[in-house]
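Report on the following structure.
What you see is a predicted model; the values in this text were computed from it and never measured.
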Amino acid sequence: MTSAVAVRSAVQVRTVRLLMVVEVVSGLGVAMGISVGALLTRAMAGTALSGAAQSAAVVGGGVLAVPAAALMSRYGRRPGLALCYLTGAVGGVAVLASALLDSIPLLFVGFFLFGAGSTAKLQSRYAATDLAEPHRRGRQLSLVVWSTTLGAVIGPNLASPLGGTLSRFGIPELAGPFAFAAASFLLSALLLTLFLRPDPLLTAQALTAQTLAATDPAPAAVVDPAQRQTLGSAARAVLASPAARLGMAAMALGHLVMVAVMAMTPVHIGETHSAPDTLRIVGFVLSVHVAGMYGLSPVVGWLTDRAGRVPVILGGVALLIAACAVAAAAGHDTALLTAALLMLGLGWSGTMVAGSTLFAESLPAAVKARAQGLSDLVTGLSGASAGVLSGIVVELSGYAVLALLAALTTIPLIALALRPSTLAAVKVAD
């Protein structure tokens, strides 16, 4: 038993450190894509479709999470995460090519594939919990989320200079950053392929099998968890667990609110500024936003372990509502928009970190990997619907109405979090 604990601890430390490095690298690519995606789409397809770029990426990330989770459940985290980053790199190249060819269909195909980079980043947070001790799951997960801060903050500010660097070669300024985003994804895939050894998920499965064998040496007692996993069994497990349902709802609705407001903020800023000024201001505002998303996540993880999952989720919801209110009242005041996007990021962090931790610990090991892919699919589709509708709402009614409508979508999450049956189930999980 002591040997198993030592192996678990050593592999966990190595895994978390590597995931943190990869998050920094890949964060550059994701942040650059977020900062210019809506602007590039508006330039090529118009304002009404500008939110669809983010939606295509989010849908791609969510849809690709399912086969990625299936691959990981059988072969481990390493091939699944690396393949996602490679797919994201292909998407970045496709977006770049679409701008050169002035092809709107290729643009959306590129964004769909580019979303796989976000899939890898989201799945990495679960990899941090594979071998984590129960009382440290929130902090271990939040460390990986936090480590993306550096790349995510720097990325939007690099979009303008990097776009200008490639413009001398005939590449549109808004498309150039995707070349560098693709390079960051390729480097992330390489790092994972070379150094994520031993694989944390396979190690966790092996240690679980050893424990079962020690308590019941009968052959029937030791079954490969991957062989029992199907998407249907994962869905049934989630529906059967009030705590897992709350965790998924927190992630999905928190992401929906964040994407709806964040995706249209660059377009809103661009309405009153020239293209160079828009890139500069958007880079700053989104840097503050992603700092809110990731910068304090270790504190959020600590609070998740100490104060409990539900209080942190509700705190995140309160911040999301406040962010929407400030954004609606901001007009074109850059300072107020910056404050709103900061609160929006902090609220997302609360719902994502606490929701992910609750979700990861509320499901049987046999269906966990598949269920994690399912949760990212639901989260992705929620964000995608927000992205698609946000452009239409802004076109018809304006940015302020969009922010207020986004705030209203948190009501079901508050009701679910405060249900007595949910609170009782979460108390048992804690």
Ser356 side chain to Val353 main-chain N or O, any donor-acceptor pair under 3.5 Å?
-> no

If you measure from the Lys or Arg side-chain nitrogens to the Asp or Glu carboxylate oxygens, is any gap between Glu133 and Arg8 under 4.0 Å?
-> no

On the 0 to 90° scale, with breaks at 30° and 60°, tag the His268-Tyr399 ring pair as parallel, tilted or perpendicular.
-> parallel

Does the side chain of Leu253 reach to within under 4.5 Å of the side chain of Thr351, using non-hydrogen atoms?
-> no

How far apart are the closest heavy atoms of Ala244 and Ser362, and which atoms are they?
-> N-CB, 3.8 Å

Step by step, would you call Ser375 with Tyr126 a side-chain hydrogen bond (donor to acceptor under 3.5 Å, both in side chains)?
-> CA-CA 11 Å; Ser375 75; Tyr126 287 129; 3.1 Å; yes

Parallel under 30°, tilted from 30 to 60°, perpendicular over 60°: which one fits the rings of Phe111 and Phe178?
-> perpendicular

Check: residues 14-24 side-chain donor-acceptor pairs under 3.5 Å, at least two apart:
from, atom 1, to, atom 2, distance (Å)
Arg14, NE, Arg197, O, 2.9
Thr15, OG1, Val11, O, 2.8
Glu23, OE1, Lys121, NZ, 3.0

Heavy-atom side-chain contact between Thr357 and Thr129 under 4.5 Å | no

Tyr85 side chain reached by Leu186 side chain, heavy atoms, under 4.5 Å | no

Taken in chain and number order and not counting sequence neighbours, the residues that satisfy salt bridge (charged side-chain N to carboxylate O under 4.0 Å, His left out) with Asp199 are none

Would you check if there is a donor-acceptor pair between the side chains of Gln123 and Gln372 at a distance under 3.5 Å?
-> no

Name of the residue among Leu143, Val145, Leu346, Val144 meeting side chain to side chain contact (heavy atoms under 4.5 Å, CB included) with Ser297 = Val145

For the pair Asp130 and Arg77, find out whether any cationic side-chain nitrogen is under 4.0 Å from an anionic carboxylate oxygen.
-> yes

Crowding at CH2, Trp348 (>12 non-hydrogen neighbours, <6.0 Å) = yes

If every non-hydrogen atom of Leu191 is compared with every non-hydrogen atom of Val25, which pair is closest and at what distance?
-> CD1-CG2, 4.4 Å

Would you indicate whether the side-chain heavy atoms of Val257 and Leu344 approach each other to under 4.5 Å?
-> yes

For the student: nearest non-hydrogen atoms of Leu408 and Pro412, plus distance = O-CD, 4.2 Å

